[in-house]
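Only one structure is covered here, and it is reproduced in the block below.
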There are 2 protein chains.
Amino acid sequence: MARLSDIIEDFLKGLIIEEEGTVEIQRNELANKFNCVPSQINYVISTRFTAEKGYYVESRRGGGGYISIKRVNSDSAGDYLMHIITSIGDRISQLTSEVFINNFLDYNIIEIREAMIMKAATSDKALIGVPADKRDDVRAAILKNMLMSMTVL
Amino acid sequence: MARLSDIIEDFLKGLIIEEEGTVEIQRNELANKFNCVPSQINYVISTRFTAEKGYYVESRRGGGGYISIKRVNSDSAGDYLMHIITSIGDRISQLTSEVFINNFLDYNIIEIREAMIMKAATSDKALIGVPADKRDDVRAAILKNMLMSMTVL
DNA sequence: ACATTTTGACTATCTCTGACTATTATTATA
DNA sequence: TATAATAATAGTCAGAGATAGTCAAAATGT
């Protein structure tokens, strides 16, 4: 466990926990802190903070450049979503659905545009072609499906 | 750390919101305010206020010269969407729907997460509760509804 | 032996700067 | 008044500076 990469990994994960899910660093600065070449930071990120492991990485070069790492699933947001998904029964009304969606917005799990899409997809207007007695069933399925897609990214 | 360009960008966007869609500045004055060379203003404008991002820029040199930036209510995207919406018939298969959604992604009209939500909402999996012979009708209605919601924001 | 980690040379991208150019308005002059 | 000179702006572009990315070789670990 004396590997530098592991140490850097732990350091970043610690920051991510502190910052509640996200961290932004400067590659050179971090390399300097750990006395290694900058490209080692890339190595750590590409081996430890992959999408499969639930991280989303963004970066920018040039003056004021940065690397940001976000923890996407597994934890908080993903767990919360999975919890919600299982708590949604087999049927849901348009109103209840909107309440849920507004909650996701409040919890910063989705963006405003994403919320609008979800509401549009689960509105009675969109489901007009579904027999009224089946509508809430279909709505629940659509909502759950959309939420499931959010647990991945 | 925060790039000057970003700071100037935010400043201008703030003004645009205040002034409800348009702002007029003098290049030298603004450069002076942010302690940079005037050409940096051009840099900010050419990288952040492009037509693709929904802005229309006009300017004039000479005494009393100015640069004006207008938020051109991304009607281009909105128009394109409306056009697509009307071109979608009353029925659409999951595959065709995905092709459309991928196109929106390519045209930068929606984000990757938004695309995922849309695909989830229009998948056969989500519409399992809809009688097979009605499924493509419902899918078309849902897709159109989601797209409509994108035209306003 | 094979896999993983570390390193560094080279590349790519973004930002900032300044010298030079272009355009428009104003003032002076014929 | 028409024209020329001057002042006041904005535009362009290439180079310098500041970061981050890539990839393969060397080192190290198992």
Side-chain angles (χ1 to χ4, degrees), chain A residues 1-16 19 22-72, chain B residues 1-16 19 22-72 106 108 111-112:
Chain A
M1 202 42 146
R3 288 187 216 73
L4 221 208
S5 289
D6 290 337
I7 294 171
I8 295 173
E9 176 188 5
D10 289 346
F11 174 75
L12 289 174
K13 285 188 172 164
L15 282 185
I16 289 171
E19 309 292 326
T22 176
V23 67
E24 188 171 308
I25 54 155
Q26 292 213 277
R27 194 180 75 149
N28 290 348
E29 193 183 284
L30 191 62
N32 204 55
K33 182 188 192 80
F34 288 103
N35 245 294
C36 63
V37 293
S39 59
Q40 175 136 20
I41 306 303
N42 296 86
Y43 176 73
V44 172
I45 287 171
S46 65
T47 56
R48 271 86 162 165
F49 295 89
T50 62
E52 298 79 50
K53 291 181 179 160
Y55 294 92
Y56 177 63
V57 179
E58 273 180 322
S59 70
R60 220 161 139 184
R61 312 184 189 192
Y66 62 84
I67 299 177
S68 89
I69 306 175
K70 285 187 186 140
R71 183 184 55 209
V72 283
Chain B
M1 181 106 70
R3 300 173 206 75
L4 219 210
S5 290
D6 290 342
I7 295 170
I8 294 173
E9 177 188 5
D10 290 346
F11 174 75
L12 289 173
K13 285 188 171 163
L15 283 185
I16 289 171
E19 309 292 326
T22 176
V23 66
E24 189 170 307
I25 53 155
Q26 293 215 281
R27 194 179 74 146
N28 290 348
E29 191 184 286
L30 191 61
N32 204 55
K33 181 189 191 81
F34 288 103
N35 244 295
C36 63
V37 293
S39 59
Q40 175 135 20
I41 307 302
N42 296 87
Y43 175 72
V44 172
I45 287 171
S46 65
T47 55
R48 271 83 162 168
F49 295 90
T50 62
E52 202 188 45
K53 290 179 180 162
Y55 294 94
Y56 177 63
V57 179
E58 273 180 321
S59 69
R60 205 156 163 186
R61 314 184 189 192
Y66 62 85
I67 299 177
S68 89
I69 306 174
K70 287 187 185 131
R71 163 104 239 169
V72 53
D106 289 342
N108 289 313
E111 301 286 325
I112 181 83

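Hydrogens, waters and symmetry mates are skipped; everything else that's a heavy atom, side chains included, is used. Proteins come first, then strands; the chains are lettered A, B, ... in the order of their sequence lines, and each starts at number 1.
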Problem - Distance in Å, A:Leu12 CG paired with A:Leu30 CG, rounded so as to fall on 0.5 Å steps - result: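 Answer rounded to 0.5 Å: 5.5 Å.
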Practice task
Can you measure from CZ (B:Arg27) to CD1 (B:Ile67) and round to the nearest 0.5 angstrom?
Solution key: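 B:Arg27 CZ to B:Ile67 CD1: 6.5 Å, rounded to 0.5 Å.
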Taking [atom1] from [X] and [atom2] from [N], how many angstroms apart are they, rounded to a whole number?
{"X": "B:Ile41", "N": "D:dT9", "atom1": "CD1", "atom2": "C1'", "answer": "14 Å"}
{"X": "A:Ile8", "N": "C:dT6", "atom1": "CD1", "atom2": "P", "answer": "7 Å"}
{"X": "A:Leu30", "N": "D:dG21", "atom1": "CG", "atom2": "C1'", "answer": "16 Å"}
{"X": "A:Gln40", "N": "D:dG21", "atom1": "CD", "atom2": "C1'", "answer": "15 Å"}
{"X": "A:Arg3", "N": "D:dA27", "atom1": "CZ", "atom2": "C1'", "answer": "14 Å"}
{"X": "B:Arg60", "N": "D:dG11", "atom1": "CZ", "atom2": "C1'", "answer": "16 Å"}
{"X": "B:Arg27", "N": "C:dT17", "atom1": "CZ", "atom2": "P", "answer": "14 Å"}
{"X": "B:Glu9", "N": "C:dC14", "atom1": "CD", "atom2": "P", "answer": "14 Å"}

Exercise for the section: Report yes or no: does A:Thr50 contribute a side-chain atom to a donor-acceptor pair with the main-chain N or O of A:Thr47 at less than 3.5 Å? Expected result: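 The answer is no, because no donor-acceptor pair under 3.5 Å joins these two groups.
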Exercise for the section: Let me know, please, whether A:Arg61 or A:Asn35 comes out on the 5' side of the other along DNA chain C by nearest nucleotide. Expected result: A:Asn35
Which of the following nucleotides, [options], is nearest to the side chain of [X]?
{"X": "B:Asn28", "options": "D:dA10, C:dT7, C:dC14", "answer": "D:dA10"}
{"X": "B:Ile67", "options": "C:dT15, D:dT30, D:dA10", "answer": "D:dA10"}
{"X": "B:Ser5", "options": "C:dC16, C:dT17, C:dT5", "answer": "C:dC16"}

At 4.0 Å (heavy atoms only), tell me whether [X] reaches a base, stays on the sugar-phosphate, or touches nothing.
{"X": "B:Gly65", "answer": "sugar-phosphate"}
{"X": "B:Ser39", "answer": "base"}
{"X": "B:Ser59", "answer": "sugar-phosphate"}

Practice task
Report yes if a side-chain nitrogen or oxygen of B:Tyr43 is closer than 4.0 Å to either non-bridging phosphate oxygen (OP1 or OP2) of C:dC16; otherwise report no.
Solution key: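 Result: no.
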Handout entry: Below 4.0 Å: OP1/OP2 of C:dT4 and any side-chain N or O of A:Arg48
Key =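 Answer is no, no contact under 4.0 Å.
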Exercise for the section: For A:Ile45 and for B:Tyr66, locate the closest nucleotide of DNA chain D by heavy-atom distance; then report the residue assigned to the nucleotide nearer the 5' terminus. Expected result: B:Tyr66
Exercise for the section: Over all heavy atoms of both residues, which pair between B:Ser5 and B:Arg48 is shortest? Give the atoms and the distance, please. Expected result: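 For B:Ser5 and B:Arg48, the tightest heavy-atom pair comes out as CB-NH2, 3.5 Å.
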Exercise for the section: Measure from NZ or CZ of A:Arg71 to the centre of the six-membered ring of A:Tyr56 and say whether it is under 6.0 Å with the direction within 45° of the ring axis. Expected result: no
